[in-house]
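Okay, so here's the structure we're looking at.
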Amino acid sequence: MNVKTMEGLAGASASMSLISTPMNVAKEAERKGDTEKTQRALGYAAGMKEQAEEYEKKTEKGMKADSEEAKKQEKLRQEELIEARRREREEQEKWLKGENGREIANYDSVDISLEGKLQTETTGGGQTMSETAEDLPEKNYDQSGESVELAAAGENVNVAV
């Protein structure tokens with residue numbers, strides 16, 4: 001909170017509290033018929049009212065300054081956020097380019113086991129992959145990736161989904 005705002009609020013509050021004293025004196029003097037005392041008391045009350053209005057103006061100036069400061073702070077915060085997002089975007093673009101400048105393709109990769117690599121190579125006897133694959137036993141895999149035995153022909157198989 002701005003100093004002017006605090007000073008204005010405190011001063012206006014004090015002035016409004018103090019205005020009750022001359023007003024009570026003016027009422028008492030009016031009941032007694034003392035017009036001179038009444039006028040003097042109302043003069044004090046008017047002075048207090050003017051003082052309260054001056055403090056009110058100070059308060060308004062302070063609140064305006066508070067508002068401008070808050071706007072500046074918000075603008076700085078937004079600029080910092082924009083810069084942070086810009087840096088994040090640049091880092092993501094660098095990552096997508098990869099280490100050697102090539103763009104990373106948008107697909108999954110697969111690691112081939114030693115057994116798979118052996119199946120893809122040609123054997124010393126001139127056999128190709130398809131001929132070698134026939135010699136290897138057929139395997140099936142469950143959801144966890146473990147190999148499971150195949151059911152023999154004519155055997156009942158329990159399938160659950």
* Does a side chain donor of either Gln78 or Glu74 reach within less than 3.5 Å of an acceptor in the other side chain? ->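 Present: a donor and an acceptor within the cut-off.
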* Asked: Ignoring hydrogens and geometry, is there a side-chain-to-backbone donor-acceptor pair from Ser15 to Gly11 under 3.5 Å?
  ->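 It does hold such a pair.
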* Asked: Is a donor on one side and an acceptor on the other found under 3.5 Å between the side chain of Thr59 and the backbone of Tyr55?
  ->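 At least one qualifying donor-acceptor pair exists.
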Reported [atom1]-to-[atom2] distance for the pair [X] and [Y], which is rounded to 0.5 angstrom:
X: Glu83; Y: Glu88; atom1: CD; atom2: CD; answer: 11.0 Å
X: Thr35; Y: Arg40; atom1: OG1; atom2: CZ; answer: 10.5 Å
X: Thr5; Y: Glu60; atom1: OG1; atom2: CD; answer: 10.5 Å
X: Lys4; Y: Lys61; atom1: NZ; atom2: NZ; answer: 6.0 Å

Which pairs of donor and acceptor atoms, one on a side chain in residues 23-33, lie under 3.5 Å apart (sequence neighbours left out)?
{"residue": "Asn24", "atom": "ND2", "partner": "Ser20", "partner atom": "O", "Å": "3.3"}
{"residue": "Glu28", "atom": "OE1", "partner": "Arg31", "partner atom": "NH2", "Å": "2.9"}

* So Glu90 and Arg87, salt bridge (Lys or Arg N to Asp or Glu O under 4.0 Å) or not? Walk me through it. -> CA-CA 5 Å; Glu90 288 172 359; Arg87 283 193 303 266; over 6 Å; no
* May I ask you to decide whether Arg77 forms a salt bridge with Glu80, counting only side-chain N to carboxylate O separations under 4.0 Å? =>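 Salt bridge between Arg77 and Glu80, a charged N being under 4.0 Å from a carboxylate O: no.
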* Asked: Are Glu53 and Lys49 ion-paired here, with the side-chain N under 4.0 Å from a carboxylate O?
  ->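 Counted as a salt bridge, because a side-chain N and a carboxylate O are separated by less than 4.0 Å.
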* Can you find a heavy atom in the side chain of Met48 that is under 4.5 Å from one in the side chain of Gln51? ->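 They are in contact (side-chain heavy atoms under 4.5 Å apart), so the answer is yes.
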* Where Ala12 and Ala52 come nearest, the two heavy atoms and their spacing ->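 Heavy atoms only, the tightest pair is CB-O, 4.0 Å.
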